[in-house]
Asker: 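Handing you a structure now.
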Amino acid sequence: MRLEPADVKAVITRMKRAHGHLATVIRMMEDGAECEDVLIQLAAVNKALSRSGYALVATGLQHCLTTGGPDSVDTKKMEKLFLSLA
């Protein structure tokens with residue numbers, strides 16, 4: 001299934017924010033920041049990316065339900081997608 005850019009605009013925005021945050025984490029490491037500070041920020045980036053993934057799956061599920069109805073959802077495929085994010 002392909003989603004239109006407009007349908008995933010919020011997810012794209014979230015991922016761009018995480019991308020910028022990751023650049024900051026890399027810069028912290030290059031500048032010799034404290035390990036604990038880097039790990040805290042890295043955990044925040046990781047969480048932001050995970051949430052982006054879940055939001056993307058949820059958007060896809062919503063798209064399937066609204067365009068094809070409940071019978072159009074491949075539950076095994078959706079389960080696999082969710083578990084891939086775990």
Asker: Can you sort out the partners of K76 under side chain to side chain contact (heavy atoms under 4.5 Å, CB included), two or more places apart, ordered by chain and number?
Answerer: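 K76 satisfies side chain to side chain contact (heavy atoms under 4.5 Å, CB included) with D74, E79 once adjacent residues are dropped.
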
Asker: Mind checking whether L85 and L49 sit in one hydrophobic cluster, side chains of I, L, V, M, F, W, Y counted as touching below 4.5 Å?
Answerer: no

Asker: With rounding to the nearest 0.5 angstrom, report the OG1 to CE distance, T24 to M29.
Answerer: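 The CE atom of M29 is 13.5 Å from OG1 of T24, to the nearest 0.5 Å.
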
Asker: Name every donor-acceptor pair, under 3.5 Å, that has one atom in a side chain of residues 34-46 and the other anywhere in the protein, sequence neighbours excluded.
Answerer:
from, atom 1, to, atom 2, distance (Å)
Q41, OE1, H21, NE2, 2.7

Asker: Identify every side-chain donor-acceptor pair in residues 5-17 under 3.5 Å, counting partners at least two apart or on other chains, and give the distances.
Answerer:
from, atom 1, to, atom 2, distance (Å)
T13, OG1, K9, O, 3.0

